[in-house]
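Numbers restart at 1 for each chain; the letters A, B, ... are given by sequence-line order, proteins then strands. What you see is a predicted model, and the numbers here were worked out from it, not measured in a lab. Side chains are part of it too, since the values below use all heavy atoms of this structure and drop only hydrogens, waters and symmetry mates.
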Number of protein chains: 2
Amino acid sequence: MDDETPDCGHDHDHPRVAHEALAPHLLERAAAIFRAAGDPGRLRILHCLLCGEHCVSDLADESGDGLSTVSQRLKILRAERLVTRRRDGKHIFYGLADEHVAELVRSALDHARHDH
Amino acid sequence: MDDETPDCGHDHDHPRVAHEALAPHLLERAAAIFRAAGDPGRLRILHCLLCGEHCVSDLADESGDGLSTVSQRLKILRAERLVTRRRDGKHIFYGLADEHVAELVRSALDHARHDH
DNA sequence: TTCACAGTTCATCATTCGTTCAACTGATGG
DNA sequence: CCATCAGTTGAACGAATGATGAACTGTGAA
């Protein structure tokens with residue numbers, strides 16, 4: 001290979017491109033986080049959890065969906081580490097993983113409100 | 001109907017649930033925003049735009065994908081008002097819609113880095 | 001141990017999604 | 001006007017996704 005010329009086919013003056021490479025797996029992970037939150041059913045769950053822990057049955061009641069459906073949603077949220085799990089007797093309580101996640105959810109809801 | 005008892009089938013003491021109702025269309029919109037950002041190809045574009053405007057051809061070069069592919073991605077990002085469009089001669093420049101969006105992207109990438 | 005309750009997992013199925021090629025629009029330059 | 005470059009749009013197709021009922025796991029009570 002010759003040099004690292006980016007053989008760009010166009011002629012305009014390029015903007016300042018200070019690319020910090022952004023590892024592919026990082027991109028994939030961040031996208032997966034967004035994707036997990038990008039479903040109304042799952043986002044509703046995250047919103048519920050903004051005000052504290054809930055057990056699966058409660059979440060099912062609040063959304064009007066079946067236990068199975070809610071459990072599947074929680075599984076996906078958990079796979080992305082967006083929620084935590086805690087057993088207490090018969091019930092399993094879910095909560096937001098950290099304040100970072102809470103901020104992300106609030107931020108998107110704000111944007112949705114403000115934008116319309 | 002009797003009263004507004006939420007006929008909850010379980011027996012544990014419920015956590016403080018201060019639900020602010022969260023309009024369905026708002027939920028749908030917020031989810032759509034996350035969904036738009038929840039694809040590696042589109043997220044890479046958003047990341048590129050963190051450091052300023054780019055035209056479609058540049059974005060295509062940076063990702064190694066075709067013009068058509070990138071254009072479709074931008075269409076989705078634009079539908080959710082995540083990016084802006086500006087024509088300058090032959091080229092069309094895209095940029096992040098506002099600092100709010102930039103924050104959202106940075107936040108998710110941080111979370112992806114910090115997490116696993 | 002046996003039953004019931006709370007959740008999870010599995011398999012299926014319809015829907016949605018993302019990429020691609022080809023055809024189209026629109027501005028610039030000769 | 002015509003050719004060309006930059007980008008968009010539409011249709012097609014395979015891949016990924018989400019909901020659901022049935023079967024399964026695990027905990028507490030009788």
Expected string for nucleotides 23-30 of chain D under the B/S/- scheme (protein heavy atoms, under 4.0 Å, primed atoms plus P, OP1, OP2 as sugar-phosphate) is ----SS--
A/Ala79 meets the side-chain contact (heavy atoms from CB on, under 4.5 Å) criterion, sequence neighbours left out, with none
Gap between atoms CZ and P, on B/Phe34 and C/dC17 respectively (whole Å): 17 Å
Starting at atom CG of A/Leu67, determine the distance to atom P of C/dT8, rounded to an integer number of angstrom. 8 Å
Whole-Å distance separating the CZ atom of B/Arg44 from the P atom of C/dG18: 16 Å
Would you check if B/Ile33 and B/Arg29 make a side-chain contact, meaning some heavy-atom pair closer than 4.5 Å? yes
List in chain and number order the residues that pass salt bridge (Lys or Arg N to Asp or Glu O under 4.0 Å) with A/Asp65, two or more places apart in sequence or in another chain; answer none if no residue qualifies. A/Arg73
Atom pair distance, as rounded to whole Å: CZ in B/Arg35 and C1' in D/dT17: 11 Å
Respond yes when some side-chain nitrogen or oxygen of A/Tyr94 is under 4.0 Å from OP1 or OP2 of C/dT8, and no when none is. yes
note: B/Arg86, atom CZ; C/dG26, atom C1'; distance rounded to Å ~ 17 Å
Between P of D/dT8 and CZ of B/Phe93, the distance in whole Å: 12 Å
A/Ser71 meets the side-chain contact (heavy atoms from CB on, under 4.5 Å) criterion, sequence neighbours left out, with none
Of the listed nucleotides C/dG18, D/dT8, D/dT9, the one nearest the side chain of B/Ile92: D/dT8
Set of side-chain contact (heavy atoms from CB on, under 4.5 Å) partners for A/Ala97, sequence neighbours left out: A/Thr84, A/Val101
In whole Å, what is the span from the CG atom of B/Leu77 to the P atom of D/dG7? 16 Å
Atom pairs, N/O to N/O, protein against nucleotides 19-23 of chain C, distance under 3.5 Å?
residue: C/dT19; atom: OP1; partner: B/Arg73; partner atom: NH2; Å: 2.6
residue: C/dT19; atom: OP2; partner: B/Arg73; partner atom: NE; Å: 3.2
residue: C/dT20; atom: OP2; partner: B/Thr69; partner atom: OG1; Å: 3.1
residue: C/dT20; atom: O4; partner: B/Gln72; partner atom: NE2; Å: 3.1
residue: C/dC21; atom: N4; partner: B/Ser68; partner atom: OG; Å: 2.6

Whole angstrom value for the distance that separates P of D/dG7 from CZ of B/Arg78: 13 Å
For B/Arg42, what residues pass the salt bridge (Lys or Arg N to Asp or Glu O under 4.0 Å) criterion, not counting sequence neighbours? none
Below 3.5 Å between N/O atoms, which protein atoms pair up with nucleotides 12-15 of chain C? Just atom names and distances, please.
none

Base, sugar-phosphate alone, or nothing: which one does B/Arg85 contact when heavy atoms must sit under 4.0 Å apart? sugar-phosphate
Listed partners of B/Ala36 passing side-chain contact (heavy atoms from CB on, under 4.5 Å), at least two apart: B/Ile76, B/Leu77, B/Glu80, B/Leu82
Residues at least two apart in sequence or cross-chain that pass ring-ring contact (aromatic ring centres under 6.0 Å, His included) with A/Tyr94, listed by chain then number, are none
By salt bridge (Lys or Arg N to Asp or Glu O under 4.0 Å), A/Asp110 pairs with (sequence neighbours left out) A/Arg113
Sorted by chain and residue number, the salt bridge (Lys or Arg N to Asp or Glu O under 4.0 Å) partners of B/Arg106 (sequence neighbours excluded) come out as B/Glu99, B/Glu103
Sub-4.5 Å side-chain heavy-atom contact between A/His54 and A/Ile45: no
